[in-house]
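Report on one structure; see the data block that follows.
We name chains A, B, ... by the order of the sequence lines, and we start the count at 1 in each one.
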There are 2 protein chains.
Amino acid sequence: MAKERVTVVDIARAAGVSKSTVSLVLQASPLVNESTRAKVNAVIRELGYVYNRSAANLRQARSKIIGIVVNDLTNSFFAELAVGVDEVVQAAGFVQFLANTSEKLDRQREVIASMREHGVSGLIISPARGTEAADLAPLVAAGIPVVLVVRDIPGAGVSSLTSDNHAGAVAAVRHLVERGHRRVAFLGGFADTAVFEARMRGYGDALGEAGLVVSDDLIIGSAPSRAGGVTAIEQAMMLRERPTAALCFNDAVAFGVCDGLRARRLEPGEDFAVIGFDDVIEAKTAVPALTTVSVDPQGMGERAAELLLKQINSGRVEPEAIVSPVRLAIRQSCGAAVGRRVKEISS
Amino acid sequence: MAKERVTVVDIARAAGVSKSTVSLVLQASPLVNESTRAKVNAVIRELGYVYNRSAANLRQARSKIIGIVVNDLTNSFFAELAVGVDEVVQAAGFVQFLANTSEKLDRQREVIASMREHGVSGLIISPARGTEAADLAPLVAAGIPVVLVVRDIPGAGVSSLTSDNHAGAVAAVRHLVERGHRRVAFLGGFADTAVFEARMRGYGDALGEAGLVVSDDLIIGSAPSRAGGVTAIEQAMMLRERPTAALCFNDAVAFGVCDGLRARRLEPGEDFAVIGFDDVIEAKTAVPALTTVSVDPQGMGERAAELLLKQINSGRVEPEAIVSPVRLAIRQSCGAAVGRRVKEISS
DNA sequence: TGACGAAATTGGAACGTTCCAACTATTAAG
DNA sequence: CTTAATAGTTGGAACGTTCCAATTTCGTCA
């Protein structure tokens, strides 16, 4: 069944008008008379016509597709970001190509090339580690709007939307210090990323302003995952002078830190204060609820999409670097003023 | 810059061959001479040519795009499923359209329509709740291969890939019973889904074969989320005769149950046995590591993609309903043989 | 040397849409 | 009653590729 494709000329013939008129109807043009529009629409429904976007894309340049490439979909931060993007992109009548690079540069190169071939009218990219400005050059040369999210790439000449990592870290550490902590660790994350650098700098600055020295022992990198958090806290607890609190690179690490604490019979939030970063949805409902620097990934996805759409519609526009403010969501996991509760069972 | 698009005829002219030859080179046809192939490829690189898939799609029917629609990307089970799909689909030279429906039927209708317009050559769908066979009818009428994942829709006449929910539940409950539990609850999930029905039936059957009665009190539905798990276990703990173990609808619920348990100062795995369903990546690293029915979401995505690709390549093929086996991954969260450890601090 | 088959190459007609300029009806103004 | 303006409608030429049938080039064998 459905051997032959139904095309505009088929409905034109059936409706007794020209294909041009049908095309006008499809584009909801105000030029066509109300009654003919109704008739054409009726025939469209009747014959089960489906619009062929490949043909349309061929004729006109613009394409109603936007691409989104993320470095790790498995991380719920990025999954939420993607649904944020999808939300606004869909509402604008676009459709999203989503690709996952798993932090692999060659994979990223492939998917970007593939998206270009499909004529995406814009790209939202959370770049894989090690992405350079040169990787994006062909895109900007071709005049394709690009919005970088989460990780900025200096000198790429495209818009970016990042969160205020430095301010967030400062706020978190300040809070910890106010609650009496003197030995605060910075746990998790890969040291060679800009995000890590900014958060760690905020951590150091806040410590400094409180007159505390920052000790390299207390900065422990790891994979930015739950498993990484477990190993980081283990390492931290091997220190002679153990920390009593930690700012974690992200929420996944923070959850891992909580796990590791429990494995040592320490209750996060009571025996040790932990603060995360990102505020993924589970942060609110976890036990103890995670105190974290709220970045609102879904909202970030939405804003990135809006920014991209704006650039797409208004032709070419100046690249802008937006850093969105963050706020500290204070919940239970940082509840420990030092010594508030003396743990009976030691070790 | 890059005012004019570079097309096949441009490279044909520059390479001193015809556009047909260029097209042949692009398709890696064995028909063309090795030396001309090299020359053409050189020119392609030199001029920065990018292939126009819209034009190609227009000419030929097939499109190198597959669509994947999931009901909740925010749930890491589906995120992992999506990366599994992406993996094999990308390796096969396809690209994926991913859309999130948030369980909304009209959203689903829209995205499926949009994907058809883009000429996807196949669809992997994890249908929103309430999806009916009629919703998929236009797709099968148009001869577009569809693979349903996770949730099957009876009578839709398309292939499906589900996990053996019944057997998994049976294995889990059997394990609990062997460890001495008599009052086992079934927590979380919406009662009106086929997946819920299958898992609950397995739960009931296993109880029955052990000579235990199934009590409606112990079957407590909730949203299939972490928050839902918290409320479900709270409700369970209000019962006069409390359960000592629970099979949860999925891992998210199981994590919520653990949270709720801790909020009552009960340690999951010691004071109460909990088993999840799905085996998301965090299950392994959580503390306590979650005993769960392993479904391998990523592998499932891969198999779904392979199945779809097979159908796409081999023209039309009989719809097949595959139910993939599951295994019980025994970890710590079910560690409690009843009474094995007497909790000192009661309440 | 000529003929033949195989290997390469090629021009032109699609594919289904949009855009443009031109056209026809209809209405309003003089 | 003519003219001008306005509202709708229309045919045909693109867009960049693939496919087909036809053609050229080449090596081989009688």
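- C:dT17 atom P lies 15 Å from atom CZ of B:Arg59, rounded to whole Å.
- Counting only heavy atoms from C-beta outward, the side chains of B:Val95 and A:Val111 never approach each other to under 4.5 Å.
- B:Gln108 pairs in a side chain to side chain donor-acceptor pair (under 3.5 Å) with only one of the listed residues (B:Thr131, B:Asn71, B:Thr101), which is B:Thr131.
- Side chain of A:Leu58, nearest nucleotide from D:dG8, C:dT18, D:dC15: D:dC15.
- For C:dT17, neither phosphate oxygen OP1 nor OP2 lies less than 4.0 angstrom from any side-chain nitrogen or oxygen of A:Gln27.
- In this entry the distance linking CG of A:Asn33 with P of D:dT6 reads 18 Å, nearest Å.
- Counting only heavy atoms from C-beta outward, the side chains of B:Phe94 and B:Ser121 approach each other to under 4.5 Å.
- When side chains are defined from C-beta on, B:Ile281 counts as touching A:Thr74, because their heavy atoms get closer than 4.5 Å.
- Protein atom CD1 of A:Ile11 is 14 Å distant from nucleotide atom C1' of C:dT18, rounded to whole Å.
- Checking D:dC19, D:dT9, C:dT9 against every side-chain atom of B:Leu24, the shortest atom distance belongs to C:dT9.
- Between B:Asn52 and A:Ser35, the residue anchored nearer the 5' end of DNA chain D, judged by the nucleotide with its closest heavy atom, is A:Ser35.
- Going from atom CG of A:Leu26 over to atom C1' of C:dT17 covers 9 Å, rounded to whole Å.
- At the phosphate of D:dT17, neither OP1 nor OP2 sits under 4.0 Å from any side-chain N or O atom of B:Gln60.
- Distance from the side chain of A:Thr36 is smallest for D:dT9 among the nucleotides C:dG11, C:dT9, D:dT9.
- Remark: P of D:dG16 and OH of B:Tyr49 are 10 Å apart, rounded to the nearest angstrom.
- Residue B:Thr7 is classed as a sugar-phosphate contact, given heavy-atom separations below 4.0 Å to backbone atoms only.
- One can place NZ of B:Lys19 at 8 Å from P of C:dG12, the figure rounded to the nearest angstrom.
- Nearest to the side-chain atoms of A:Val17 among the listed nucleotides D:dT10, C:dG16, D:dT17 stands D:dT10.
- Put simply, CD on B:Glu34 is 15 Å from P on C:dA7, counting in whole angstrom units.
- With A:Ser159 as reference, A:Gln311 is the one residue of A:Glu318, A:Gln311, A:Glu320 to meet the side chain to side chain donor-acceptor pair (under 3.5 Å) rule.
- Considering only the side chain of B:Ala55, D:dG16 comes nearest among D:dG16, D:dG8, C:dT17.
- Among C:dT17, D:dT9, C:dG11, the nucleotide with an atom closest to any side-chain atom of A:Val32 is D:dT9.
- An OP1 or OP2 oxygen of C:dT18 is reached within less than 4.0 angstrom by a side-chain nitrogen or oxygen of A:Ser23.
- Regarding A:Leu31, its CG atom lies at a distance of 14 Å from the C1' atom of C:dA21, rounded to whole Å.
- Side chains of B:Ser23 and B:Gln27: a donor on one and an acceptor on the other come within 3.5 Å.
- At a threshold of 4.0 angstrom between heavy atoms, the contacts of A:Ser20 include nucleobase atoms, whether or not backbone atoms are also involved.
- Between C:dT18, C:dG16, C:dT10, one nucleotide has an atom nearer to the side chain of B:Ser18 than all others, and that is C:dT10.
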